[in-house]
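The structure presented is a predicted model; accordingly, all values stated were derived computationally and were not measured. Residue numbers start from 1 in every chain, and the chains themselves are labelled A, B, ... in the order their sequence lines are given, proteins ahead of strands.
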Amino acid sequence: MSRYIIERLGEALVAVWGIVTIVFVVTRMLGDPAVLLLPLGTPEAQVAALRAELGLERPMVIQYLDFLIRAVQGDFGLSYQFFRPAMDLVLERLPATAILASTSIVLGVIIGSLAGFVAAVKRGSFLEFLAMTVALLGQATPVFWLGIMLILYFGVNLGWLPTGGWDSLASLVLPVLTLSIFVAATVSRLFRSSMLDALSEDYVRTARAKGLPPGTIYTRHAGRNALIPVVTMVAILTAELLGGSAVTETVFSWPGVGRLLLQAIENKDFPVIQAGVFLIAVIFVFTNLLIDLIYPLLDPRIRVTR
Amino acid sequence: MIAALRKVRTFAGGHSGWIGLVLLAAVILIVVLAPLFGLPDPVRNNLRGRFVPPSFNFLDLTRYPLGGDHLGRDLFSRIVYGGRVSLAIGALAVGLGGVIGVIVGLFAGFYKGWVDRVLMRLVDVQLSIPLMLLALLVVAALGPSLQNLIIVLALTSWVRYARVVRGQVLAVREREFVQSAYAIGVGNLRIIFVHILPNVLTPVLVIATLELARVIILEAGMSFLGLGVQPPWPSWGRMLAEGRNYMGTYPEVSVYPGLALFITALAVNLSGDWLRDRLDPKLR
């Protein structure tokens, strides 16, 4: 068991290292930061002075190691726009993004699992048809368009809910609704099929033969096993929501990391881009780690084989 | 009543693949044949056509069947030509990603050992970065252009092919025909590309279809943010971004491009599910 944890932790660290490396390589592909920073036509001597100040004439390997060490400490330098530490700017925006993503995932997984459960247990019923049609349509709907349509209906036409920004609990409703529809659509299709697989297993037949009540079989025997792929899916969905936050936050004028990143990209504010990409990727890696650590609790087989 | 519902259900359930294929064929046909329809120029401004209400007259295409946008450009024409852009980018990105992914998967599965470990570790690292984020980072670095967009989208898609192909190769390389080819002295590259490759192409086709829907939506998202297809080229994502500014007054401008995106994604998804169930039920 402890070996399993150590292995997963090692993998997470390798992934973080890979991310820092990619961020470093991509940023260096841009060319000389000193030239990018200074206005066009700056005298050569001043460019050289800034290069020296930024440590750019050191060997690439040293620069890379320096970047690595500082990245681990969360130090990406000062934002070119705000002249404040880039990581601070990103951390200030993090709560907004985190609240949106986590609320949507929790709500979406609950709704999706219920729909998938009903669809599997009531196989061939109208309920299954309804749940699966809605899921199929939900999966094909681009999140940002769904968001725009919901704003149009509930915000503009009916005027019930705010169309954007974050100033009250009500402004959370539309973005969360949009994202949780997307999450629920994916989860319900997955949970239905894994539930159907589980229901055809021998242990379910044994449980039926023993005369256990169907409710117990569905929840304790089949449901628990069918949840394992859903847990994996939560990791993938977390990535999609965090990575896609730039789009969702733009649609809802949400003051999160995604919009900060977008703004940084427009202004070529590289420290902020690096800090934002790094932080989101690290959160994602650790979500995955957490899920890997939850597996053995759900599925004792992992504990035995490892 | 219940019998009728059941009929609807079995039709939709058993034939949803056909619905998808027909829809997809229709989308592709319209998009490919677009220049033959005599549509108005999708990028020409016409201030007198500004926010013209839709006529829904698809027989006379000069009368703004879906209305005009904020520059008086014909929305229907822009959606059709935007579809050309979206589908072409999607197909190229999925194709490029497929070629890279298949080659990586072939080599990892065939050579095993350290080649496999290095390549699969690379896959793991890439999977640990949210795709959209990677795309944003690369576009931020290289600047938005059609070519960069395709490269970025391909970069987000090769991993899935690599994983599945590697798994297939691990099984196929132990089969007798591969072993006998090896025994009579056929070279490694020839074994990989002539003997193994044809046997792993089925799942590749399925992944490519499912990836197409994902890549098209991702492209629309990037274009929505202004990091994808650049103006004046029409693109569904861009049109949604432009329409958003006039949402309160002219909602239809943001309704139709999204509807086109939705129908295309649905058609590709349904076709992909159908293909998967027919060709390779294991992939489910």
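Of residues 250-260 of chain A, those residues with a non-hydrogen atom less than 4.5 Å from any non-hydrogen atom of chain B are, in numerical order, Thr250(A), Val251(A), Ser253(A).
For Ala220(B), the parts sitting under 4.5 Å from any heavy atom of chain A are the backbone and the side chain alike. Neither the backbone nor the side chain of Leu122(B) has a heavy atom closer than 4.5 Å to any heavy atom of chain A.
Residues Ile148(A) and Arg244(B) share a closest heavy-atom pair of CD1-CD, 4.3 Å.
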Only distances under 3.5 Å count here; give the side-chain donor-acceptor pairs of residues 131-144 of chain A to other protein atoms, sequence neighbours excluded, each with its distance to 0.1 Å.
| from | atom 1 | to | atom 2 | distance (Å) |
| --- | --- | --- | --- | --- |
| Thr133(A) | OG1 | Phe129(A) | O | 2.6 |
| Gln139(A) | OE1 | Arg189(A) | NH1 | 2.6 |
| Thr141(A) | OG1 | Leu137(A) | O | 2.7 |

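Counting heavy-atom pairs closer than 4.5 Å to chain B, the top-ranked of the candidates Ile273(A), Leu262(A), Leu242(A) is Leu262(A). Highest contact tally toward chain A, considering only Ile216(B), Leu270(B), Leu266(B), Val268(B), is held by Leu266(B) [criterion: heavy-atom pairs under 4.5 Å].
Phe24(A) meets the ring-ring contact (aromatic ring centres under 6.0 Å, His included) test with Tyr64(A), Phe67(A); sequence neighbours excluded. Residues forming a side chain to side chain contact (heavy atoms under 4.5 Å, CB included) with Arg117(B) (at least two apart in sequence, or on another chain): Trp114(B).
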Apply the test side chain to side chain contact (heavy atoms under 4.5 Å, CB included) to residues Val255(B) and Leu152(A): give CA-CA distance (whole Å), side-chain angles for both, the deciding distance (0.1 Å), then the verdict. CA-CA 9 Å; Val255(B) 172; Leu152(A) 204 55; 4.0 Å; yes
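For the side-chain contact (heavy atoms from CB on, under 4.5 Å) with Trp145(A), the qualifying choice from Ile217(B), Leu259(B), Leu261(B) is Leu259(B), the only one to do so.
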